[in-house]
Amino acid sequence: MATVVEHHHNGHHHSCCADHCNHHEGGWFRPYLGASISLALLIAGLILDHYHDFMTDTTWAKPLWYFVAFIPVGFPVVKEAFEGIAQKDYFNELTLMAIACIGAFCIGEYSEAVGVMLFYCIGENLQDRAVDKATRDISKLLEIKAEITRVVKDGEVIEMKPDQVQVGNIIEVHPGERVPLDGVMLTEEGGMFDTAALTGESVPREIDKGGEVLAGMISSGSTVRINVIRPASDSALSRILDLVKNAQAKKAKSEVFIRKFARIYTPVVTLLAFLVVVFPYFISLIHPSFVYHFNEWLYRALVFLVISCPCALVISVPLSYFAGIGAASRQGILFKGGNYLETIKNVNVVAFDKTGTLTTGQFSVEESHPVLGIDKNQMLAIMAAAESESSHPLAKAIVNYVKGIGLKIPTVESMHEVAGKGTKAVIEGKIVLAGNLKLLKDENISYPGELNFNSSTIVALAINGEFAGYVILQDTPKLDSARTVTDLHNLGVDQVVMLSGDRKEIVDKYAGMLGIKHSFGELLPQDKAEYVEKISKTPGKNIAFVGDGMNDAPVLAISNVGVAMGGLGSDAAIESADIVIQTDNPSKVATAIKIGRYTHKIVMQNIIGALVIKVTILTLGIIGFASLWAAVFADVGVTMLAVLNSMRVLWHKY
């Protein structure tokens, strides 16, 4: 089960509960073959032992028969146990199993020695299958890279590997094929794409000419051509695959605890097993009426060792987090590690950015109000020119609107953005400002006072220091935004907050529409960061910040949990956030909290349940009420119960 849990000790690598019995590194046996041979020999030995004198007529026949039966299942485990000892990894579950089996041979319990190792290996194989189910979704995600790219050069189509394709190359994707690289749609009529592997969305997405197409999407319409904008190593898909591969490296506190626990627990139980053998001997010296039989107490110590194997804990706890990561990926939610699954369960404050997070971010120009004696079209053309090089959603909306109505946009001589406020440009020799009212205030430009109380989104224009007019733009809340707020309150989240750079009147308007009681407007990125940092340092408060991953990158980084919305193609989202929601659905934040809380619940059930059962059976073993057979059944049974319980994280409906 090396895929689930790995230990590193003194620089050496050791796989806990690895596939020792079925596909050990030495390649001795195929899965189940070794166990099948041992089982057949064990059953035959028990029959011969019961019905034939062969096993008792010669002193060497019985131990030799069972030794041969032991080799297929026992040799790989004993070999790795000794390798661990050679590497100063003295105490692990393999050492416990090896000691127990060798001890059983020493006291003549041959069939039980074989049985212990046989059922240990059968249990391992069953656990492997359970783990395979937990990793299947993630394995599928890791297999969605396209191997071949069709590059269009000089009218010919050449097949190349994705990593050989350069930025600026044009590639062709046929219906049913996976897009190999990130790019911009060139085909005039656009295309339909299945994005389920990336976002979990079941409905195909239509991408128009000029729209961004991401690696991993599947073309479900006609053949399309795409202009490559990122090399294979930097594609959105590559970054996400790296995230998934590395997710298990970031361990939750429970996982770290279990690792430390196993390192202390194993030598302690080995010492206790030794005391089970020697302590009764000293009692017999003090109380002659107490008869000491070495073989009997050694047998009890061996039972104790077998039962004490910590596999149930060492496997099931990391498996629970792995299953949690898998369950989240099914929902289009990427956790960067098991530690964030654990952190998000404690979130009691959720702060949302507004534009593009709770709203669609797709603005439309609703009204335009020119002054200064210029007409509407002149004002719009100058405003579009000033905003033409900005990536802000409001700027894009104005430029697209002006282009859409066929107006000619003047040439821009120079332009720079004023963070959180707008743009400053020189157009046809005139100094032009386009942005929010804060920008005009900073430049001491007077404007009608009633605009301060307008609850619509406004972009104002000033030419050569004079107010020239404004446009009103409309954004719409996402369909599930209001439900998100309700869901979070139902989960016990104390506060849902809206943070935005928009004017307070606008922010309050949208907050009221969505049922958010706490809203703050006119915030620059550093203001948002200051607010979130203050909350995150308040005792008893754990804040999750949800943003679009661009301007919000600093805030995502300093919050207790940073959640990037629709951050599939965003470097800032991938780098800064702890969790990436691959769809644009804010309701996934509530789903992520549910998955985190349910995973933690299962982890605690496994830890408490396994310890209680272990202690109970250990006690029975010491007082002589459990045999080696019962011990191995109990150990494998507890482990399987814990593994199956962990799988509930995957099966649960969120």
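In what follows, residues are counted from 1 in the order of the sequence shown. Keep in mind the model is a prediction, meaning the values are calculated, not measured.
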Exercise for review: Could you tell me which residues satisfy side-chain contact (heavy atoms from CB on, under 4.5 Å) with L42, sequence neighbours excluded, listed by chain and number?
Suggested key: L46, Y66, S111, V114, L118, W629
Practice item. Determine whether the aromatic ring centres of Y281 and Y292 lie less than 6.0 Å apart. Key: yes
Check your understanding: With S587, which residues qualify under side-chain hydrogen bond (donor to acceptor under 3.5 Å, both in side chains), at least two apart?
Key -> D480
Exercise for review: Might you confirm whether atom CZ of F625 has over 12 heavy atoms from other residues, nucleotides or ligands at distances under 6.0 Å?
Suggested key: no
Check your understanding: Strictly under 6.0 Å, is that where the ring centroids of F105 and F70 end up?
Key -> yes
Check your understanding: Can you name the residues that form a side-chain contact (heavy atoms from CB on, under 4.5 Å) with D163, not counting sequence neighbours?
Key -> K161, A232
**Study point:** Worked verdict on V173 versus R178 for side chain to side chain contact (heavy atoms under 4.5 Å, CB included)
**Key:** CA-CA 7 Å; V173 182; R178 204 174 288 280; over 6 Å; no
Study note, to complete from the structure: I286 meets the side-chain contact (heavy atoms from CB on, under 4.5 Å) criterion, sequence neighbours left out, with none
Revision key, fill the gap. Applied to residues 296-306, the side-chain hydrogen bond (donor to acceptor under 3.5 Å, both in side chains) test, sequence neighbours excluded, yields E112-Y299, E296-R300
Check your understanding: Looking at side-chain heavy atoms only, is the closest gap between N560 and V347 below 4.5 Å?
Key -> no
**Study point:** For S646, side-chain hydrogen bond (donor to acceptor under 3.5 Å, both in side chains) partners two or more places apart
**Key:** S320, N606
Review point. Do the side chain of K345 and the main chain of E342 share a donor and acceptor less than 3.5 angstrom apart?
Key: yes
**Study point:** Sidechain-backbone polar pair: D578 side chain, G562 backbone, donor-acceptor under 3.5 Å
**Key:** yes
Check your understanding: Does L491 reach the side chain of R597, with side-chain heavy atoms less than 4.5 Å apart?
Key -> yes
Check your understanding: Between D182 (side chain) and A215 (backbone), is there a donor-acceptor pair under 3.5 Å?
Key -> yes
Check your understanding: Can you check whether Y654 and H652 have ring centres sitting under 6.0 Å from each other?
Key -> yes
